[in-house]
Amino acid sequence: VQLQASGGGLVQAGGSLRLSCAASGRTFSNSAMGWFRQAPGKEREFVAAISGSGRVTYYGDSAKGRFIISRDNAKNSVYLQMNSLKPEDTAVYYCAARVIATLLSGTVDRPSEYAYWGQGTLVTVSS
């Protein structure tokens, strides 16, 4: 499975960005997808996840109320709409895929649950 993330860039605090992740090499709807981020000097942090059908979503605490994860299985893509961005959202954002379509609430935030990773896209939020 190949994952290609895009959409990062420089934005002012309070602004919005939409990240995209295009997948290939596997039946896309068979994979739950996630977004993680990693800031310099910090551990990789769970942002959001979505089941293969798109009906189930989870969000990390930092994303709740501001970010929306979605997917378009016809386009083999997953998206992360980020609103009300803050300087602390500055990080490299990674999309990741599971080998199954489902998510488990107890493990959805673990990077080890995702078998495939994209290269990351940098989001910089200026104050």
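Quick note: residue numbers are just sequence positions, from 1.
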Shortest non-hydrogen separation from [X] to [Y] and the atoms involved:
X: Cys95; Y: Ala5; result: SG-CB, 4.1 Å
X: Tyr59; Y: Ile68; result: OH-CA, 3.4 Å
X: Thr102; Y: Ala32; result: O-CB, 3.7 Å
X: Arg71; Y: Ser51; result: NH1-O, 2.8 Å
X: Ala101; Y: Ser29; result: CB-O, 3.6 Å
X: Ile100; Y: Arg26; result: N-NH2, 3.9 Å

Problem - Arg37 charged N/C atom sitting above Tyr94 aromatic ring, 6.0 Å / 45° - result: no
Handout entry: NZ or CZ of Arg18 within 45° of Tyr79 ring axis and under 6.0 Å
Key =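 Ring-cation test returns yes.
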Hey, any chance [X] and [Y] share a hydrophobic cluster, counting ILVMFWY side chains that come within less than 4.5 Å of each other, even indirectly?
X: Trp117; Y: Leu80; answer: no
X: Val56; Y: Val47; answer: no
X: Phe46; Y: Phe67; answer: no
X: Val99; Y: Leu3; answer: yes
X: Val92; Y: Leu19; answer: no

Is there a donor-acceptor pair under 3.5 Å between the side chain of [X] and the backbone N or O of [Y]?
X: Arg98; Y: Glu113; answer: yes
X: Thr121; Y: Gly8; answer: yes
X: Gln38; Y: Tyr93; answer: no
X: Ser53; Y: Arg55; answer: yes
X: Thr90; Y: Val125; answer: yes
X: Thr124; Y: Leu10; answer: no
X: Asn73; Y: Gly52; answer: yes

How many angstroms lie between [atom1] in [X] and [atom2] in [Y], if you round to the nearest 0.5 Å?
X: Asp109; Y: Arg44; atom1: CG; atom2: CZ; result: 14.0 Å
X: Arg66; Y: Ser16; atom1: CZ; atom2: OG; result: 10.0 Å
X: Lys86; Y: Ser62; atom1: NZ; atom2: OG; result: 8.5 Å
X: Gln4; Y: Ser20; atom1: CD; atom2: OG; result: 11.0 Å
X: Ile50; Y: Ser31; atom1: CD1; atom2: OG; result: 12.5 Å
X: Leu17; Y: Leu85; atom1: CG; atom2: CG; result: 5.5 Å

Handout entry: Modelled atom types, side-chain donor and acceptor of Asp72 and Ser77, under 3.5 Å
Key =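 Short answer, no.
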Exercise for the section: For Ser70 and Gln81, test the side chains for any donor-to-acceptor distance below 3.5 angstrom and give the result as yes or no. Expected result: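 No - no donor-acceptor pair under 3.5 Å links their side chains.
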Practice task
Would you please test Phe36 and Tyr114 for ring pair (Phe, Tyr, Trp, His ring centres under 6.0 Å) and show each step?
Solution key: CA-CA 10 Å; Phe36 288 76; Tyr114 298 80; 5.1 Å; yes
